[in-house]
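One structure is given below, encoded as structure tokens.
Here the structure is a predicted model, which is why all the values come from computation and not from measurement.
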Amino acid sequence: MALESPAVLTIAGSDSGGGAGIQADLKTFTVHGCYGASVVTALTAQNTTGVQAVHAVPPDFVKQQMSSVLDDIDVRAIKTGMLFDAENTKAVVQMLKGYFDVKGRIPLVCDPVCVSTSGHVLLQPEALNTVIDELFPLSDLITPNKAEAELLLSQRHSPFQIASLDNMITAARRLKKLGAQAVLLKGGHFAVSLKEVADFNSEDVQVIRDGLLDENSNILRIHGRNGHDINSVVVDVLCAPDSRITLFTRPRLESTSTHGTGCTLSAALACQLARGTPLTEAVRLAAAYTHTGIETATPIGSGFGPLNHVHSITPRLIVPRTKTNPYPLTSSLIQSTRTIWREYVQHEFVVLLGKGTLPKENFLHFIKQDYLYLKYYARAYALLAAKSHAYAPILAATEVVFHIVRESSMHVGYCAKWGITEDELNSTPESPALTAYGAFLIDIGMQGDPMRLSVALAACLLGYGEVGLWLKEEARAPNSWIRWDDNPYLKWMEDYSGDEYQKAVKVGLETLESRAAADVPSLVRFAEWRDVWERCTRLEKGFWDMAMKLE
């Protein structure tokens, strides 16, 4: 049974600037619910611009610190960071061997800190052999970055340049042969394209996507781009004890708040292992924590500032908006309903429409019902205006009502091209699917929470935007199954993939996210929002079902 607050020990240098070393480790231990103990191997004079000086702690005093902690506290995991010189490294190894011989092995994470980002030597060359020959065999996991990996391999007369994803995997496997149980080769200093990961195909390699958008998320990818290169990712490579490879991929961040990243990651890993978390999941959780720490950091100092170590102290149902995730609520809603969302976006009706083979009678039945649906949609937005307590949201909702009324007139003209008169539109009886959907919107609108109504209305707006972008994206693919230029339903596809509708999608995304940020939900309210989103997604799918069955 996992301890409520397991003790974790860091053996590392002190950072006077507070962003790395034992300071970063102890912050990380605390927010992970672990009790942190520390052994200082060296004192540094450093800040966000670099390391100005290093003063080594005498080896005997390093051993005394370790003895004091390990003789008294039930430590459940240990991490090593900056050891600085051969004497201190040997002292640490000697104490660890003695402790493991008497009390048994506990998880040991070794961050082989060699050189600072600013170029300052943090591990003397003569200490490298001790780290490789004596510390690695005691380690459950080592966490080198690209430069450290190349240095370690070169030290063992196996120089290797890491310039591709294949190189990273090869390097991780070679590093494991140096004696550690497992290797996590960090990719923060190395650019990998999303295509390179997607094209990578090997039965013995697992790929874990973290923070990357799933299928049918074009509205988030396109409207949330904001100049960010969505095709550049960071890949960490784990070579496990059984030599299986796992790739952890996540968006690349452009940030100056990266000081102490390696310390933070290895400290988070030690916490996860102390709690008994399996290695692969421990890496995933620790990497996600570190990534969010970079992304949510407030700039400190004039150089490379520290991460935001405390971002996880206050649990959030909706993570803060960031450059790489500007629409966290919408992303969460789509993720939570990914199966029904896919069935909605890639429905048979949509597929046949894209192929141009949808029977005409099905399409005519759909557009007549869609005209009637717009009345419900306009009335629901009028209710949203009535629920708003400030002029700006009242105006926004009212403008949507006027837009829908104008759209209904264009709908009449569009239907006329298909031989459907306005009288026929108005005399068409509602299908049960339409009545169910419309009644649900009005019912939600009559209830108290305006955000529930905002979420309900977003399912239609964003869903049709995603359908339009999905068809357009598929049409661009080589040997596409989409029939575009001479498709009888081309105008419909162009309308929902076009700039005018996608501008409305972007406004809808911004409105939904800003409302959520200003009205942070409780656990119960957030569950209600997700329920409304799923209900509306199912009702949208039911609308396509209705069209196919001529209900």
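- In summary, the side chains of Thr337 and Glu534 do not present any donor paired with an acceptor at a separation below 3.5 Å, with no hydrogens or angles considered.
- In terms of heavy-atom proximity, Cys271 sits nearest to Thr28 at SG-O, 4.3 Å.
- Taking every heavy atom of both residues into account, Ala456 and Ile444 meet most closely at CB-CG2, 4.5 Å.
- The structure places CD of Gln346 at 4.5 Å from CG of Asn216, a figure rounded to the nearest 0.5 Å.
- For Glu474 (side chain) and Leu469 (main-chain N/O), no donor-acceptor pair under 3.5 Å exists by modelled atom type.
- For the pair Val505 and Ile222, the minimum side-chain heavy-atom distance is 4.5 Å or more.
- Counting heavy atoms from C-beta outward, Leu512 and Trp529 have side chains that stay 4.5 Å or more apart.
- The side chain to side chain contact (heavy atoms under 4.5 Å, CB included) test with Leu185 singles out one residue from Ile169, Asp236, Thr143, Ile162, and that residue is Ile162.
- Between the side chains of Thr330 and Glu513, at least one donor N or O sits under 3.5 Å from an acceptor N or O.
- Panel note: side chain Thr48, backbone Gly305; no donor-acceptor pair is recorded below 3.5 Å.
- Distance alone, capped at 3.5 Å, is enough to place a donor-acceptor pair between the Gln369 side chain and the Ser431 backbone.
- A 4.5 Å side-chain heavy-atom check between Phe363 and Pro488 finds every atom pair outside the cut-off.
- Taking the centre of each ring, His223 and Tyr327 stay at or above the 6.0 Å mark.
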Intermediate values then yes/no, side chain to side chain donor-acceptor pair (under 3.5 Å), Thr170 and Asn167: CA-CA 5 Å; Thr170 300; Asn167 291 163; 5.5 Å; no

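- In this structure a side-chain-to-backbone donor-acceptor pair under 3.5 Å is missing from Asn308 to Thr298.
- Within the structure, the salt bridge (charged side-chain N to carboxylate O under 4.0 Å, His left out) test picks out the following pairs touching residues 447-469 (sequence neighbours left out): Asp449-Arg525.
- Of the inter-residue distances, the one linking Leu374 atom CG with His411 atom NE2 reads 6.5 Å to the nearest 0.5 angstrom.
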Going through the distances and angles, do Asp495 and Lys491 end up as a salt bridge (Lys or Arg N to Asp or Glu O under 4.0 Å)? CA-CA 6 Å; Asp495 283 348; Lys491 186 179 186 308; 2.9 Å; yes

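- With 3.5 Å as the limit, one finds no donor-acceptor pair spanning the side chains of Glu348 and Trp544.
- Formation of a donor-acceptor pair under 3.5 Å by the Thr249 side chain with backbone atoms of Val235 is not found in this model.
- The NE2 atom of His365 sits 5.0 Å away from atom CE of Met546, with the distance rounded to the nearest 0.5 Å.
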Applying side-chain contact (heavy atoms from CB on, under 4.5 Å) to Thr264 and Lys27, what does each step give before you reach the verdict? CA-CA 9 Å; Thr264 301; Lys27 293 171 189 175; over 6 Å; no

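- Ring pair Tyr381/Tyr377 is perpendicular by interplanar angle, where above 60° counts as perpendicular and below 30° as parallel.
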Checking ring pair (Phe, Tyr, Trp, His ring centres under 6.0 Å) for the pair Phe349/Phe366: CA distance, chi angles, key distance, verdict? CA-CA 10 Å; Phe349 179 91; Phe366 161 72; 5.0 Å; yes

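- Atom CG of residue Asn362 and atom CG of residue Leu353 lie 10.5 Å apart, to the nearest 0.5 angstrom.
- In this structure, the side chains of Thr511 and Ser454 stay at 4.5 Å or more apart for every pair of heavy atoms.
- Atom CD of Glu361 has more than 12 neighbouring heavy atoms from other residues, nucleotides or ligands inside a 6.0 Å radius.
- Between Ser257 and Pro306, the shortest heavy-atom distance links the atoms CB-O, 3.5 Å.
- Residue Asp486 qualifies as enclosed at atom CG: its count of foreign heavy atoms under 6.0 Å is above 12.
- Checked by atom type, the side-chain pair Arg338/Gln335 shows a donor-acceptor distance below 3.5 Å.
- Taking both residues in full, the closest heavy atoms of Cys415 and Leu425 are given as SG-CD2, 3.9 Å, listed atom of the first, atom of the second, then distance.
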Evaluate Glu343 against Thr339 for side-chain contact (heavy atoms from CB on, under 4.5 Å), listing each step before the verdict. CA-CA 6 Å; Glu343 292 173 357; Thr339 300; 3.8 Å; yes

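- Taken to the nearest 0.5 Å, the CZ atom of Phe543 stands 12.0 Å off from the NE2 atom of His347.
- Judged by distance alone, with hydrogens and angles left aside, the side-chain atoms of Ser336 form a donor-acceptor pair with the main-chain N or O of Ser332 at under 3.5 Å.
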Full working for side-chain contact (heavy atoms from CB on, under 4.5 Å) between Thr261 and Thr290: CA-CA 7 Å; Thr261 300; Thr290 306; 3.7 Å; yes

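- Looking at Asp443, its side chain never comes within 3.5 Å of a backbone N or O of Ala439 through a donor-acceptor pair.
- Between Tyr289 and His32, the ring planes lie perpendicular to each other; the angle is over 60°, past the 30° to 60° tilted range.
- Contact between Gly542 and Ala433 at its shortest, heavy atoms only, is O-CB, 4.0 Å.
- Note: Tyr489 and Trp418 have parallel aromatic rings, judged against thresholds of 30 and 60 degrees for the angle between ring planes.
- Between the side chain of Asn426 and the backbone N or O of Glu422, at least one donor-acceptor pair lies under 3.5 Å.
- The pair Asp545-Lys541 counts as a salt bridge, with a side-chain nitrogen and a carboxylate oxygen less than 4.0 angstrom apart.
- Side-chain contact check for Ser232 versus Glu254: every heavy-atom pair is 4.5 Å or farther apart.
- Residues Val350 and Trp470 are in side-chain contact: their nearest non-hydrogen atoms beyond the backbone lie under 4.5 Å apart.
- If you take CG on Leu238 and CG on Leu184, they are separated by 6.0 Å, rounding to the nearest 0.5 Å.
- When all heavy atoms of Ala20 and Gly260 are compared, the closest pair comes out as CB-CA, 3.7 Å.
- Taking 4.5 Å as the limit, some side-chain heavy atom of Tyr464 sits within range of a side-chain heavy atom of Trp492.
- Side-chain contact between Leu247 and Leu165: present, with at least one pair of heavy atoms (C-beta onward) separated by less than 4.5 Å.
- With Gln272 contributing its side chain and Leu279 its backbone, the two residues share no donor-acceptor pair below 3.5 Å.
- Checked by atom type and distance alone, the side chain of Lys368 never pairs as donor or acceptor with a backbone atom of Glu424 at under 3.5 Å.
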